[in-house]
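We use all heavy atoms of the structure for the numbers below, so side chains are in, but hydrogens, waters and symmetry mates are not. Note that the structure is predicted; figures quoted are calculated from it, not measured. Per chain, numbering begins at 1; letters A, B, ... match sequence-line order.
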Amino acid sequence: MVVSSIRQRCPREQEGVPSFLPKVSAQFVTDMLAALKHLAAITTYLFVGGAAAFTVELTPGPRVMFLQVGTGTMAGLPYAVGGTPQDNATIDRVFANVPAAMLGVGALPMSSTSAVSNSPYDTFPFCSVAPMEPAQVYLGGFVRRPGVNPQSARLLVSTTGRLTNASGDTIPFGEISWTSSGANDVPLFPPGSFTGGILGLLTTSTNTWFETCLSFTYANTEVVPPGTYTGRAIYTLTSP
Amino acid sequence: VRSSTCFGRHSSIGAALALLFAVALQANAAIAARLDEAGTVVRDPRLEMRWRSVAPGRSRDETVQGSTTVSVRLNLAAWSNRPARIFLHLAPVTIPVKVSWRGQGRLLPGSMVSGGRALVFQTHAAPQSLEEELVLTVEADGEQLVNSQSLTFSFEIEPQ
């Protein structure tokens with residue numbers, strides 16, 4: 001069997017012979033030219049399309065930590081409208097004067113040198129301060145950090161040893177206790193007393209403002225020699 | 001059989017032309033091309049993001065933001081004297097990012113989110129080139145922006 005490989009030529013169109021090719025009108029030719037013009041333009045666009053872009057690299061927000069216990073400094077109060085916390089080295093005193101006749105007879109409210117009555121966050125009247133009673137100590141702060149970690153900020157308080165006077169007499173730190181509550185607010189953490197060691201007060205989420213007012217009480221359960229007994233409580237805010 | 005072969009050949013040409021025509025007409029409205037912006041310089045390409053509010057509020061404002069200046073230089077020679085619209089495009093990134101910008105009047109100010117684009121220039125006769133100083137402000141959720149993110153901007157042109 002022989003298979004012809006010669007390609008048949010298509011028959012030429014002849015006048016009067018029905019054609020299978022579409023009729024080509026002048027409009028069609030015009031449209032085709034326009035289309036080709038568009039295609040040429042598109043080709044140009046795509047050719048140019050390899051141009052460089054510009055890039056900007058974003059870095060995560062910085063980690064920021066702030067804690068205020070008692071006196072503090074804020075630039076542009078209040079925080080809520082853009083205020084910025086500043087360093088303040090003031091160490092406030094919490095104290096109780098116990099008359100001789102009152103020694104060992106029971107709890108006495110303690111006063112404070114802190115004069116922070118309005119919340120540094122929004123100036124809301126929050127804490128009562130001396131000469132009002134109770135004379136409270138403002139405590140507030142926050143931890144700023146990227147990421148969501150609801151349990152990553154801890155507030156601790158540490159005391160060392162005992163309260164001591166110039167003669168070396170002592171009072172246990174456990175004689176001093178606190179409650180936590182500001183105006184129209186619920187306690188930020190449960191009441192407690194110092195231990196002479198480190199004590200956890202609060203575990204809170206990052207990127208959240210926390211604040212409260214501390215009221216201190218001297219238990220006054222012992223009859224101690226006269227003198228001024230001092231000790232220091234250090235509040236620490238930590239975040240890994 | 002031979003006849004139908006010829007028929008197929010001619011009709012293919014016609015169909016192809018018709019298809020090209022249709023595509024071209026569609027493309028005229030939709031095709032955008034990246035612009036040559038080789039002369040564009042970002043003054044500070046590494047943007048140190050800052051918390052919008054230094055202290056977090058009770059309402060939890062977790063926005064971080066940063067700004068930089070971009071000296072834009074676009075080569076429009078291929079579209080000179082032709083009507084065109086120019087868009088600023090920001091490629092998608094893994095977290096939502098909002099970008100706003102303002103210039104000195106040659107490009108329109110505006111804003112967009114990542115993955116979007118915005119009209120910055122429209123003309124009946126494009127110039128040979130276009131230069132502008134844009135102040136770019138970027139905002140993102142500080143809790144989501146844990147790792148560095150690279151934002152890729154480009155300019156696109158749509159001839160009209």
Side-chain angles (χ1 to χ4, degrees), chain A residues 7-11 19-22 24 28 31-32 34-42 44-62 64 66 74 78-85 120-122 140-149 205-209, chain B residues 2-3 5-7 9-11 14 17 20-25 27-28 31-38 40-42 45-51 53-58 60 62 64 66 68 70 75 78 91 97 136 138 140 142-154 157 159:
Chain A
R7 295 182 63 185
Q8 298 292 322
R9 298 184 62 187
C10 292
S19 171
F20 43 78
L21 290 174
V24 178
F28 182 79
D31 291 344
M32 286 296 106
L36 289 173
K37 184 179 175 184
H38 283 300
L39 284 174
I42 292 166
T44 304
Y45 309 152
L46 295 176
F47 179 73
V48 175
F54 68 90
T55 60
V56 175
E57 184 184 1
L58 308 185
T59 63
V64 181
F66 174 68
M74 326 303 160
Y79 287 159
V81 293
T84 304
Y121 172 73
D122 57 3
F142 64 86
V143 174
R144 273 284 201 207
R145 58 177 295 179
V148 179
N149 192 338
S205 62
T206 54
N207 299 322
T208 301
W209 183 274
Chain B
R2 289 170 187 150
S3 169
T5 300
C6 291
F7 179 87
R9 179 181 162 202
H10 285 284
S11 65
L17 284 173
L20 286 175
F21 175 68
V23 168
L25 289 179
N28 186 38
I31 286 286
R34 284 266 297 280
L35 274 173
D36 176 5
E37 58 204 64
T40 295
V41 177
V42 182
R46 184 174 166 82
L47 207 50
E48 303 278 349
M49 300 295 277
R50 298 285 172 189
W51 301 97
S53 165
V54 173
R58 299 184 183 101
R60 294 183 65 83
E62 317 309 351
V64 288
T68 187
V70 183
N75 179 1
V97 173
L136 210 63
V138 182
E143 290 193 334
Q144 292 188 54
L145 184 62
V146 178
N147 300 309
S148 295
Q149 293 278 337
S150 186
L151 302 184
T152 302
F153 294 87
S154 58
I157 188 167

Exercise for the section: Taking all non-hydrogen atoms of both residues into account, name the closest pair between A:P62 and B:W51 and its distance. Expected result: O-NE1, 2.6 Å
Handout entry: Note, B:M49 side chain near A:P60 side chain (heavy atom, < 4.5 Å)
Key = no
Handout entry: Per-residue contact mode, B:V64 against chain A (heavy atom under 4.5 angstrom)
Key = side chain
Handout entry: Pairwise distance OG1(B:T68) to CZ(A:F54) - rounded to 0.5 angstrom
Key = 9.5 Å
Handout entry: Closest non-hydrogen atom pair, A:T206 against B:E143
Key = O-OE2, 4.4 Å
Practice task
Search all heavy atoms of B:E37 against all heavy atoms of A:A53 and return the closest pair with its distance.
Solution key: OE2-CA, 3.4 Å
Handout entry: Qualifying residue for side-chain contact (heavy atoms from CB on, under 4.5 Å) with A:T55, from B:V42, B:L151, B:T152
Key = B:T152
Practice task
Examine whether an atom of B:V70 lies under 4.5 Å from a heavy atom of chain A, and if so say whether it belongs to the side chain, the backbone or both; otherwise answer neither.
Solution key: side chain
Handout entry: Nearest-0.5 Å distance that lies between atom OG1 in A:T59 and atom CD in B:E48
Key = 4.0 Å
